[in-house]
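Atom set for the values below is all heavy atoms of this structure, side chains included, hydrogens, waters and symmetry mates excluded. Counting starts at 1 for both ligands and their atoms, following the listed order. Quick caveat: nothing in here was measured; it's all calculated off a predicted structure.
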Amino acid sequence: MVNLLQFDRAGLGDFCEQLGEKRFRATQLFRWIHQRGERDPAAMTDLAKSLRDKLAAHAVVEPLPVASEQVAADGTIKWLFDVGAGDAIETVFIPEADRGTLCISSQAGCAVNCRFCSTGHQGFSRNLTTAEIVAQLWHAEFTLRQRLGLAVGERVITNVVMMGMGEPLQNYAALLPALRTMLDDHGYGLSRRRVTVSTSGVVPMIERLRDDCPVALAVSLHAPDDALRDELVPLNRKYPIAELLSACRGYLARAPRDFITLEYCMLDGVNDSPAQAAALLALVRGDGGADSGLACKINLIPFNPFPESGLRRSSPERVSAFAAVLQEGGIVTTVRKTRGDDIAAACGQLAGEVRDRTRVAERTVRAVPVRIERGPGRRDSRRTGAPAAAPTRSTS
Ligand code: SAH
Ligand code: SF4
């Protein structure tokens, strides 16, 4: 059986042809799956009977098994999905007054091994398939749509950030059809500006993404110089900062926004001094010469601690002072508000219990029922009368 979540629309066209059907049928089928959340071919009433029969015989729409679901005090939801062989991945929904953001995983574990990241500490288990990446969005969109009683065409997820577990650009082959499905007008119809790929800096793949499917790009910088970045983000030894910024400048030629977001995790006493802020400012302003600098916005992320890291979060005063240096230097700088930290759903806390089946089973039993609240300005506000979720300064 083939999982239809595996295909973007072109791939689904190929599959229809293999079944001996016209490829344009794929558009109708794609809409049933990704716009209506339908799994049963028998219910896809406007498809030819012959195609419905073949689909029933050869294909499935196979979601990911939910191991647990947790809801934070601020309305953030974290799902743990069982992806088999003892691996689990996490997906986080972040509701805000004017949008719903889904943070999606691209790998079980991660091979980059950044010092401050709990996913990195677990090591790498495997790449997710396109179907497993898309299934996270499919599950969140249609589960929440049903709970909220939304009509077809009303959307819950307005933004996607590839900021869950894993390095998306080290799983490029699976990522690309997933991105295309998110952007497709017959799929989720998300705007390129509202789909963000976050990377620790896989330079050749930044170039590929620019040519194949330019979406918003966030680059995890975390240090103003190579010596420190080599320690924090080991991939820097392969692709140092100058090459990374050059790839970012190249990306801007086709990017949906005229800036790149630079992420910077604030680690007490490691990368948060005023001198390091000044060095970062010089780096992005291009004080190093003509072929340097970058049109960017900087997003400071207060470090979310986890036991084995041995690192501490910078104090709010230290973060503000760092931000002030950048802002006074003319760089738009935001401090990310931590969401869902009471359920360990904040950046870098996603661990997914990789290779630990026992814990997955325990958490399944503890799964809790949820009620989603939506803010005013959304179409369902009259129905729920729910208060607005607290606005945040930035989530992407
Ligand atoms: N691998 C990609 C995307 C996933 S990580 C990347 O590194 O960009 C998403 C973001 O969370 C990155 O900016 C990452 O640096 C940040 N992050 C990781 N661990 C963190 C932690 N413990 N506290 C705060 N942010 C963290
Ligand atoms: Fe991997 Fe990103 Fe974590 Fe680094 S920060 S280990 S690249 S998931």
Side-chain angles (χ1 to χ4, degrees), residues 89-92 94 101-128 133 136 160-172 175 178-179 195-203 205-206 209 215-223 228-239 244 247-248 260-268 270-272 296-314 319 334-341 344-352 354 394-396:
I89 54 150
E90 292 180 317
T91 307
V92 180
I94 305 148
T101 302
L102 195 69
C103 178
I104 290 182
S105 294
S106 56
Q107 299 178 314
C110 182
V112 179
N113 196 17
C114 299
R115 265 199 58 199
F116 49 83
C117 173
S118 131
T119 306
H121 270 246
Q122 301 173 334
F124 176 66
S125 187
R126 70 169 174 87
N127 278 330
L128 298 185
I133 297 172
Q136 298 171 61
V160 165
V161 291
M162 298 301 306
M163 293 187 186
M165 299 167 66
E167 169 48 59
L169 295 187
Q170 288 188 339
N171 185 15
Y172 190 76
L175 176 72
L179 293 177
V195 174
T196 302
V197 167
S198 176
T199 181
S200 55
V202 190
V203 163
M205 293 299 148
I206 292 176
L209 187 67
V215 293
L217 186 67
V219 169
S220 297
L221 191 66
H222 308 308
L228 180 58
R229 195 164 190 271
D230 281 350
E231 294 303 314
L232 296 178
V233 184
L235 192 65
N236 195 68
R237 295 173 204 157
K238 193 161 183 194
Y239 305 115
L244 178 56
C248 290
I260 305 283
T261 303
L262 296 182
E263 295 167 282
Y264 197 100
C265 180
M266 298 294 288
L267 302 164
D268 182 39
V270 174
N271 65 356
D272 65 345
C296 65
K297 290 187 180 174
I298 295 181
N299 195 205
L300 303 178
I301 316 172
F303 170 61
N304 293 309
F306 58 98
E308 311 82 23
S309 74
L311 296 162
R312 290 179 315 269
R313 175 185 288 193
S314 306
V319 176
T334 50
V335 180
R336 185 175 300 176
K337 186 177 179 301
T338 290
R339 297 288 305 258
D341 46 0
C347 300
Q349 290 184 322
L350 305 185
V354 171
S394 171
T395 54
S396 59

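- Contacts between Cys265 and ligand 1, counted as non-hydrogen atom pairs separated by less than 4.0 Å, involve the side chain only.
- With a 4.0 Å heavy-atom cut-off, ligand 1 is reached by the backbone of Thr199 but not by any atom from C-beta on.
- Side-chain contact of Glu90 with Ser105: a donor-acceptor pair under 3.5 Å is absent, judged by distance alone.
- For the atom pair CG of Leu311 and CG of Leu267, the computed distance is 5.5 Å after rounding to the nearest 0.5 Å.
- Heavy atoms of Gly166 come nearer than 4.0 angstrom to ligand 1 in at least one pair.
- Between Met266, Arg336, His222, Met163, it is His222 that holds the heavy atom closest to atom 14 (C) of ligand 1.
- Residue Phe303 has no N or O atom closer than 3.5 Å to an N or O atom of ligand 1.
- When the side-chain contact (heavy atoms from CB on, under 4.5 Å) test is applied to Pro302, the partners found at least two apart in sequence or on another chain are Arg313, Val335.
- The Met162 neighbourhood of ligand 1 comprises atoms 3 (C), with distances under 4.0 Å to a heavy atom of that residue.
- Protein-derived N/O/S atoms nearer than 2.8 Å to atom 4 (Fe) of ligand 2 total 1, waters excluded.
- Contacts between Glu167 and ligand 1, counted as non-hydrogen atom pairs separated by less than 4.0 Å, involve both the backbone and the side chain.
- Considering backbone and side-chain atoms alike, Asn304 places an N or O below 3.5 Å from some N or O of ligand 1.
- Take Ser198 and apply the side-chain contact (heavy atoms from CB on, under 4.5 Å) test, not counting sequence neighbours, and it matches Met163, Ala218, Ser220, Glu263.
- Under the salt bridge (charged side-chain N to carboxylate O under 4.0 Å, His left out) criterion, Arg237 pairs with no residue, sequence neighbours left out.
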